[in-house]
Amino acid sequence: MINGDVNEFIGGLHYGDERFFLYDGNKYFLQGYCVDGKPMLELYVIENPEVDFEWRMISDNGEYPVEEFENAEIFNGKSFWDIEREIEWLDD
């Protein structure tokens, strides 16, 4: 991970922390919040109106679905861990 520690990046997701990052020319926004009392993670591309991308998952076990995010092949058929070294963590 560029500009950050990947363990800190993932660790914060367990608390629903917001994350902005760049990958493959797109700026992503990842956040966690509750829907009807259930934790949800939501990811989408921002600042690129030509890319219609969105991923979300709601958990039934009371915890944010971090592992599901890590393993989902949502980045051009690759998982978070497949592209982790190419991700640039942003502060905004």
Side-chain angles (χ1 to χ4, degrees):
M1 175 163 284
I2 303 164
N3 294 334
D5 178 78
V6 70
N7 294 316
E8 183 180 340
F9 184 96
I10 291 295
L13 296 179
H14 290 279
Y15 301 99
D17 291 355
E18 296 178 348
R19 301 288 190 240
F20 289 91
F21 63 94
L22 289 174
Y23 170 69
D24 196 29
N26 292 305
K27 185 174 182 179
Y28 290 85
F29 178 61
L30 176 61
Q31 66 178 339
Y33 57 94
C34 289
V35 175
D36 298 326
K38 295 181 179 184
M40 178 176 86
L41 283 179
E42 180 176 58
L43 172 71
Y44 52 94
V45 173
I46 57 176
E47 297 182 358
N48 188 346
E50 295 180 18
V51 176
D52 184 25
F53 174 85
E54 192 171 292
W55 175 87
R56 72 173 50 96
M57 179 167 279
I58 297 173
S59 173
D60 289 324
N61 69 7
E63 298 178 5
Y64 286 101
V66 177
E67 187 174 325
E68 290 84 348
F69 165 72
E70 292 175 271
N71 295 318
E73 295 180 343
I74 52 179
F75 300 99
N76 300 321
K78 297 178 182 178
S79 73
F80 173 83
W81 291 111
D82 292 333
I83 65 163
E84 176 267 325
R85 292 182 186 267
E86 302 170 53
I87 291 173
E88 181 177 356
W89 188 358
L90 305 173
D91 289 331
D92 51 7

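By convention here, the first residue in the shown sequence is residue 1. The figures that follow rest on heavy atoms only: side chains count, while hydrogens, waters and symmetry mates do not.
F75 places none of its side-chain heavy atoms less than 4.5 Å from the side chain of D82. Between V6 and F80 there is a side-chain heavy-atom pair separated by less than 4.5 Å. Considering only heavy atoms from C-beta on, V45 stays 4.5 Å or farther from K27 through its side chain. In this structure, the side chains of F21 and I2 stay at 4.5 Å or more apart for every pair of heavy atoms.
Atom CG of L30 and atom CG of L13 lie 5.0 Å apart (nearest 0.5 Å). Distance check, rounded to the nearest 0.5 Å: CD of E54 to CD1 of I74 gives 11.0 Å. How far CD of E73 is from NZ of K78: 11.0 Å, rounded to the nearest 0.5 Å. To the nearest 0.5 Å, atoms CZ (F29) and OH (Y44) are separated by 5.0 Å. Note that CD of E68 is 6.5 Å distant from OG of S59, once rounded to the nearest 0.5 Å.
Between W55 and F69, the angle of the ring planes lies from 30° to 60°, which puts this pair in the tilted group.
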Taking only distance into account, with no hydrogens and no angle test, what donor-acceptor pairs under 3.5 Å do side-chain atoms of residues 34-42 form with protein atoms, sequence neighbours excluded?
| unit_1 | atom_1 | unit_2 | atom_2 | d |
| --- | --- | --- | --- | --- |
| K38 | NZ | D60 | OD1 | 2.9 |
| E42 | OE1 | Q31 | NE2 | 3.2 |
| E42 | OE1 | Y33 | OH | 3.1 |
| E42 | OE2 | R56 | NE | 3.1 |
| E42 | OE2 | R56 | NH2 | 2.5 |

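Sorted by first and then second residue, the side chain to side chain donor-acceptor pair (under 3.5 Å) pairs with a member in residues 10-23 form an empty list; sequence neighbours excluded.
Residues satisfying the side chain to side chain contact (heavy atoms under 4.5 Å, CB included) criterion with E70, sequence neighbours excluded, are I10, V66, E67, W81.
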